[in-house]
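Let me begin by presenting the structure, written as structure tokens, before commenting on it.
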Amino acid sequence: MNQASSLIPDRYEPAAVEARWYPEWERRGYFRADPDGPGQPFSIVIPPPNVTGSLHWGHALNNTLQDVLIRMKRMDGFNTLWVPGTDHASIAVHVILERQLEAEGRTRYELGREVFLERAWKWKEESGGTIIRQLKRLGASCDWSRERFTMDPGLARAVREAFVRLYDEGLIYRGDYIVNWCPRCQTVLSDLEVEREERDAEFVYIKYGPLTLGTVRPETKLGDTGLAVHPNDKRYAQYVGQTLRIPSVDGEIEIRVVADEAVDPEFGTGVIKVTPGHDPVDFEIGRRHDLPVRTVIGFDGKMTAEAGAYAGLDRFECRKRIVADLQALGLIDRIEPYRHSVGLCYRCKTVLEPLVSKQWYVNVKPLADVARAAVRERRVNIIPRSWSKTYYHWMDNIRPWCISRQLWWGHRIPAWYCEADGSVHVSRADLTACPTCGGPVRQDPDVLDTWFSSGLWPFSTLGWPDDTPELRTYYPTSVLVTGYDILFFWVARMVMLGAHLMKEVPFRDVYLNTLVRDAEGQKMSKSKGNVVDPLGVMDQYGTDAFRFTLAGVAAAGVRDVRISEERIEASRNFANKLWNASRLVLSNLDGYEPGRKTKGARPLPDRWIRSRLAATIRAVRTHLGRYRFNDAASAVYQFVWHDFCDWYLEMAKISLYRASDPAERGRTQDTLVAVLETTLRLLHPFMPFITEEIWQRLPAHGDSIMIAPYPKVARGQADAGAEREMALIMDTVTAIRNIRGEMRISPATTLGVTVRPAPEHAPVLAGATALVETLARAQLSLDPAASRPAGSALAVVGGSELYVRLEGVVDLTAERARLTKEIARADEAIRFLETKLAKPEFVERAPAEVVEREREKLAGQQEVRTKLSASLAWIGEGAR
RNA sequence: GGACGAUUAGCUCAGUUGGCAGAGCGCUGGCCUCACAUGCCAGAGGUCACUGGUUCAAGUCCAGUAUCGUCCACCA
């Protein structure tokens with residue numbers, strides 16, 4: 001073995017390499033953006049991970065894709081910026097901290113707001129730190145000098161600015177409506193934060209005097225302030241407008257019957273009870289018919305004083321009691337099993353209670369119209385496009401956005417209430433006294449929905465509301481890469497707020513990446529316990545292998561992907577393959593002088609591999625431009641493994657080890673270095689660490705591959721002639737190897753092969769005898785007039801025939817079997833092609849080149865068939 | 001109730017404008033050939049879920065069916 005290769009380990013060891021390069025890149029300032037720097041801007045803001053622990057595979061995928069794009073663009077000469085940061089995740093952090101407190105036997109109320117917030121900040125520091133470390137470990141080339149957190153002072157200012165502006169424009173208002181209340185979290189939730197789940201329930205038919213109606217929530221009976229039927233329902237027309245006096249669990253009650261379109265006469269009995277205090281539909285009906293709101297369930301999920309004898313009971317306990325009591329009073333008609341969906345808190349899964357309360361809202365309808373148009377007019381491109389329909393549907397059916405939360409961790413609502421005159425003041429600056437009467441003021445205790453601040457992220461991180469160089473250079477950002485699960489939560493809000501407050505959309509492209517599932521197709525989540533720590537995977541297989549795997553599964557248009565360990569192993573092997581190919585190159589560079597002009601025409605293999613490289617570069621660029629990360633990754637993979645390693649390196653060895661002419665060796669070294677160096681640059685965005693490590697070991701490298709140019713195809717590099725000629729050589733080699741394999745001939749045996757070349761093949765084969773001989777382990781003799789020697793196997797490559805001498809090597813039984821199989825295969829192809837070409841419509845209507853191609857194929861197959869069957873007959877005789 | 005997605009090799013999945021069905025893993029046979037056994041060479045393996053339609057030509061376009069999945073939705 002060569003000295004150089006013995007110095008480099010034969011297995012790629014990622015740990016040391018990764019630990020060395022990341023800090024070095026950071027130290028040299030490669031990640032840092034300069035708004036005044038040269039090049040077209042290309043910017044990305046990170047979807048800020050929640051500070052709720054550590055990163056999972058979805059984050060790893062999402063950030064790998066962003067890093068691939070940003071590294072590629074940086075190398076390509078763009079003025080790149082990737083803004084990193086984290087999200088305070090108001091309610092999610094509450095849930096975590098409250099669970100911790102619960103374990104200590106305490107509640108947040110016992111702790112008090114101030115102490116709770118201290119804990120929250122401490123949690124944020126820990127979790128945020130973990131996340132940042134993980135991102136760095138992943139190789140993410142973010143500009144850390146611009147790291148942001150959604151509760152940074154600057155972003156807090158942006159939040160206030162946005163709130164005040166929207167309030168002044170009348171788009172933010174306060175009002176009493178029915179809301180989704182989580183009795184555990186003790187806060188309101190927006191409609192989007194309600195998760196639905198099918199549950200089995202009882203559909204209880206209760207007698208209301210002369211009427212009977214079904215309900216799944218008998219406990220809300222206590223809050224009934226009306227009954228409703230459909231206006232066209234003749235069955236009940238006589239009762240509409242009447243006030244009925246009917247027996248109930250709390251004695252005789254009076255209840256008014258109204259007619260409302262919301263009632264479906266086909267469902268149940270066609271009569272519903274109206275409980276405006278505890279049902280969104282009933283709330284609306286109540287408003288239309290002026291029915292009073294009676295709140296019988298409180299914020300704690302227990303029955304209120306209004307519930308009379310039932311006060312203090314848990315709502316579900318109350319349900320059972322009411323049913324029992326109705327039963328006793330003979331007021332239950334019947335009970336049927338029923339399956340329906342209930343609303344759950346998206347964070348803690350508690351069954352929500354619809355309640356009436358005073359909250360802050362954004363009237364998003366006007367913003368939605370603008371946001372809709374932005375996509376419709378392609379100012380924002382959603383990729384894959386099919387998601388735009390979902391986006392439109394949501395925008396079209398949008399309802400007011402409830403933005404207040406009865407939580408402590410988050411942006412406090414910038415509204416102050418005067419205790420003296422009751423006035424409300426929304427302000428950019430903190431208020432200490434009432435601007436109208438000078439009396440004492442009290443700030444609204446609530447905080448904003450987390451998504452309000454993340455909705456401002458693309459411009460708040462760039463300095464808004466100030467007019468900064470960053471905003472001017474990098475806004476709108478180039479692309480947003482995120483999961484489709486937060487299309488409404490986040491993407492839609494950013495488009496609405498960006499278009500409204502900045503008068504310009506926040507990003508040009510939205511690439512919605514797939515969601516990552518485990519090998520069983522389960523969504524990875526902590527509650528399922530199937531979360532595999534990405535750090536462990538990176539430890540085991542290396543970051544580059546992990547990233548390459550992630551990029552490899554990111555196909556456009558795919559919703560979910562499963563990732564298995566085998567896949568990462570394959571990528572690890574790929575990294576190792578590249579490492580060893582480089583070892584081969586590096587250990588054969590003695591006498592090589594970088595930059596020296598090589599003399600003489602480039603040999604075929606060199607022209608071929610450069611042409612293949614050109615095609616690969618073109619493919620990678622095209623695929624990345626369309627966010628087809630998997631296709632880009634696979635193009636490089638195929639090139640490196642199969643073109644470069646399997647074929648080119650094997651051919652290069654011939655001139656490296658046995659060149660008769662030193663210039664020939666120099667030419668090969670030149671191509672080896674050039675192709676490897678370019679390949680490393682091409683691959684760098686996917687596998688940043690290993691490519692840098694190898695690149696640094698190559699002669700005449702620059703400072704860092706990170707800032708080297710991204711490969712472009714040189715003029716004249718694509719060489720169709722070389723590709724065609726090499727295809728012939730490769731087919732010839734494969735044909736001989738095929739016979740060796742089928743005949744079970746040892747690779748150690750050199751085969752004697754006589755070639756009878758087709759006239760057009762003759763010069764190519766004559767010029768590549770040494771190649772074929774080495775690669776196929778054969779001794780070749782070319783003879784245009786050759787006839788089949790006795791005891792030989794036949795292979796047909798295009799119009800050329802190969803006779804492989806088997807005499808004394810094996811008997812011909814295997815050859816007969818092989819030929820029979822080949823003939824059958826040819827027959828099938830011939831039958832298919834003949835049928836096709838026999839159809840006049842095909843010959844007339846199909847493009848000429850398609851028809852011509854099929855004709856040639858048929859002729860070729862027929863020729864092969866003739867030769868094969870002649871050969872079979874010949875063997876039959878020979879064997880006799 | 002709507003909308004969207006999936007169904008292709010044993011497994012996991014690509015397949016762009018309709019024009020020669022692919023990859024990785026696994027499997028079979030042979031190889032420790034001086035970069036790599038995390039490897040090399042060769043091979044087997046397909047009714048592209050089903051039914052119908054459009055077309056010279058359909059995995060690809062259209063209609064429908066089945067199964068699985070996701071999202072949205074105020075039928076209590």
Side-chain angles (χ1 to χ4, degrees), chain A residues 1-2 5 8 10-12 178 191-192 196 203 213-217 220 228 262-264 266-269 271-275 279-285 338 340-341 354 386-387 389-390 393-394 397 484-485 487-488 515 519 521 523 541 545 549 552-553 555-564 566-567 569-588 622-623 626 628 630-631 634 637-638 645-646 649-650 653 657 734 737-742 744-748 776-777 829 836 839-847 849-851 853-854 857:
Chain A
M1 191 188 278
N2 237 298
S5 62
I8 311 172
D10 65 356
R11 286 197 181 186
Y12 172 58
I178 194 146
D191 295 335
L192 260 188
R196 302 221 155 247
F203 201 54
L213 59 84
T215 178
V216 286
R217 301 201 56 197
T220 61
V263 183
D264 178 2
E266 306 294 320
F267 189 87
T269 57
V271 184
I272 64 168
K273 60 192 212 55
V274 184
T275 320
D279 185 282
V281 179
D282 294 7
F283 182 78
E284 296 298 327
I285 295 175
Y338 187 63
H340 72 144
S341 78
S386 53
W387 282 106
K389 196 168 176 182
T390 313
H393 184 259
W394 191 70
N397 296 288
Y484 64 79
D485 53 334
L487 178 62
F488 304 140
L515 297 189
K523 189 169 174 177
Y541 297 100
T549 306
V553 299
V558 177
R559 295 210 154 186
D560 302 327
V561 293
R562 305 176 183 203
I563 297 188
S564 61
E566 287 79 32
R567 242 181 130 138
E569 212 172 293
S571 300
R572 190 260 328 252
N573 294 352
F574 176 61
N576 197 55
K577 188 76 178 172
L578 179 69
W579 181 256
N580 274 292
S582 307
R583 235 159 47 95
L584 174 67
V585 174
L586 289 169
S587 60
N588 283 288
T622 306
H623 293 317
R626 295 180 186 164
R628 304 185 68 96
N630 61 326
D631 288 335
S634 135
Y637 181 97
Q638 294 298 323
C645 293
D646 288 351
L649 290 184
E650 293 306 315
K653 282 176 186 172
Y657 298 157
T734 304
R737 284 174 175 171
N738 184 343
I739 287 170
R740 184 191 294 279
E742 296 269 340
R744 308 242 194 293
I745 300 167
S746 154
R777 216 33 94 124
K836 196 166 180 183
K839 281 161 81 176
E841 302 92 332
F842 171 68
V843 180
E844 285 157 22
R845 309 278 290 271
E849 67 266 23
V850 173
V851 177
R853 198 170 60 214
E854 301 291 272
K857 234 156 60 183

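Below, chain A is the first sequence line, B the second, and so on; all start at residue 1. Side-chain atoms are counted along with the backbone in the values below, which use heavy atoms only and exclude waters and symmetry mates. Here the structure is a predicted model, which means the values were calculated and not measured.
- For the pair Asp279(A) and Val281(A), the tightest heavy-atom approach, listed with the atom from each and the gap, is OD1-N, 2.8 Å.
- Atom CG in Leu649(A) sits about 15 Å away from atom P in G39(B), given to the nearest Å.
- Proximity note for Val850(A) (side chain, C-beta onward) versus A57(B), G19(B), C20(B): the nearest is G19(B).
- Comparing Phe574(A) and Asp191(A) along RNA chain B, the residue whose closest nucleotide (by nearest heavy atom) sits nearer the 5' end is Phe574(A).
- Distance check: Arg11(A) CZ to Arg583(A) CZ gives 11.0 Å after rounding to the nearest 0.5 Å.
- Of all nucleotides listed (C40(B), G24(B), A76(B)), G24(B) comes nearest to the side chain of Gln638(A).
- The side chain of Asp646(A) sits closest to C40(B) out of G24(B), C40(B), C36(B).
- At a threshold of 4.0 angstrom between heavy atoms, the contacts of Glu650(A) include nucleobase atoms, whether or not backbone atoms are also involved.
- At a threshold of 4.0 angstrom between heavy atoms, the contacts of Asn397(A) with the nucleic acid are absent.
- In this structure, His393(A) atom NE2 and C71(B) atom C1' are separated by 10 Å, rounded to whole Å.
- Of all heavy-atom pairs between Lys577(A) and Cys645(A), the closest is CE-CB, 3.7 Å.
- Looking at every heavy atom in both residues, Ser571(A) comes nearest to Thr549(A) through OG-OG1, 2.7 Å.
- Ala776(A) and Arg740(A) get closest at one heavy-atom pair: O-NH2, 2.9 Å.
- Between A37(B) and C32(B), the two P atoms lie 14 Å apart (nearest whole Å).
- The distance between atom CZ of Arg11(A) and atom P of A35(B), rounded to the nearest whole Å, is 17 Å.
- As judged by a 4.0 angstrom heavy-atom cut-off over every strand, Ala570(A) is placed among residues touching the sugar-phosphate backbone only.
- Atom NZ in Lys836(A) sits roughly 9 Å away from atom C1' in C56(B) (whole-Å rounding).
- In this structure, the nucleotide among G39(B), A42(B), A35(B) sitting nearest to the side chain of Asn573(A) is G39(B).
- The two atoms that bring Ala575(A) and Tyr12(A) nearest to each other are CB-CD2, 4.3 Å, heavy atoms only.
- Residue Lys389(A) places at least one side-chain N or O under 4.0 Å from the OP1 or OP2 atom of C4(B).
- For G69(B), neither phosphate oxygen OP1 nor OP2 lies less than 4.0 angstrom from any side-chain nitrogen or oxygen of Tyr484(A).
- The side chain of His623(A) has U16(B) as its nearest neighbour among A73(B), U16(B), A35(B).
- Proximity of Arg628(A) to the phosphate of G15(B): a side-chain N or O atom is located under 4.0 Å from OP1 or OP2.
- For the C1' atoms, the distance linking G59(B) with U17(B) amounts to 15 Å, nearest Å.
- In RNA chain B, runs of at least 3 consecutive Watson-Crick or G-U pairs, each pair with both distances below 3.5 Å, span B:1-7 with B:66-72, B:10-13 with B:22-25, B:27-31 with B:39-43, B:49-53 with B:61-65.
- The side chain of Arg853(A) sits closest to C20(B) out of U38(B), A42(B), C20(B).
- Base contact: Pro847(A) has a heavy atom under 4.0 Å from a base atom.
- If you take atom P in U65(B) and the same atom in G1(B), they sit 13 Å apart, rounded to whole Å.
- By the 4.5 Å heavy-atom criterion applied to side chains, Asn588(A) and Lys653(A) are not counted as neighbours.
- Spacing of C1' atoms, G15(B) relative to C48(B), comes out at 11 Å, to the nearest Å.
- Checked against C75(B), C72(B), A35(B), the side chain of Phe488(A) finds its nearest nucleotide in C72(B).
- Between the CD atom of Glu569(A) and the P atom of G24(B) there is a distance of 15 Å, given to the nearest Å.
- Going from the C1' atom of C27(B) to that of U67(B) covers 29 Å, rounded to whole Å.
- A donor-acceptor pair under 3.5 Å links the side-chain atoms of Asn580(A) to the main chain of Asn576(A), judged by distance alone.
- If you check every strand for non-hydrogen atoms under 4.0 Å, Arg744(A) touches sugar and phosphate atoms only.
- One can place CG of Leu487(A) at 15 Å from P of C4(B), the figure rounded to the nearest angstrom.
- Closest non-hydrogen pair, Gly552(A) versus Asn630(A), comes out as O-CB, 3.1 Å.
- Projected onto RNA chain B by closest heavy-atom contact, Arg567(A) and Val271(A) fall at different nucleotides, the more 5' of which corresponds to Arg567(A).
- As judged by a 4.0 angstrom heavy-atom cut-off over every strand, Ser634(A) is placed among residues making no nucleic acid contact.
- Among the protein residues, Lys577(A) comes within range of the nucleic acid bases, having at least one heavy atom under 4.0 Å from a base atom.
- A76(B) sits 24 Å from A3(B) when the C1' atoms are compared, rounded to a whole Å.
- In this entry the distance linking CZ of Arg845(A) with P of C56(B) reads 4 Å, nearest Å.
- Look at the C1' atom in both U16(B) and C74(B): the space between them is 42 Å, to the nearest Å.
- As rounded to whole Å, 17 Å separates atom P of G18(B) from atom CZ of Phe842(A).
- Applying the 4.0 Å criterion to OP1 and OP2 of A35(B), one finds that Lys653(A) has a side-chain N or O inside that range.
- We find the CG-CZ distance between Leu213(A) and Phe203(A) to be 8.5 Å, quoted to the nearest 0.5 Å.
- Nucleic acid contact class of Asn738(A) (heavy atoms, under 4.0 Å, all strands): sugar-phosphate only.
- Taking the side chain as every heavy atom from C-beta outward, Asp282(A) and Val274(A) approach each other to under 4.5 Å.
- For the P atoms, the distance linking G43(B) with G22(B) amounts to 14 Å, nearest Å.
- Using a 4.0 Å heavy-atom distance criterion, Tyr338(A) is classed as a sugar-phosphate-only contact.
- Comparing C20(B), G5(B), C74(B) by their nearest atom to the side chain of Val281(A) picks out C74(B).
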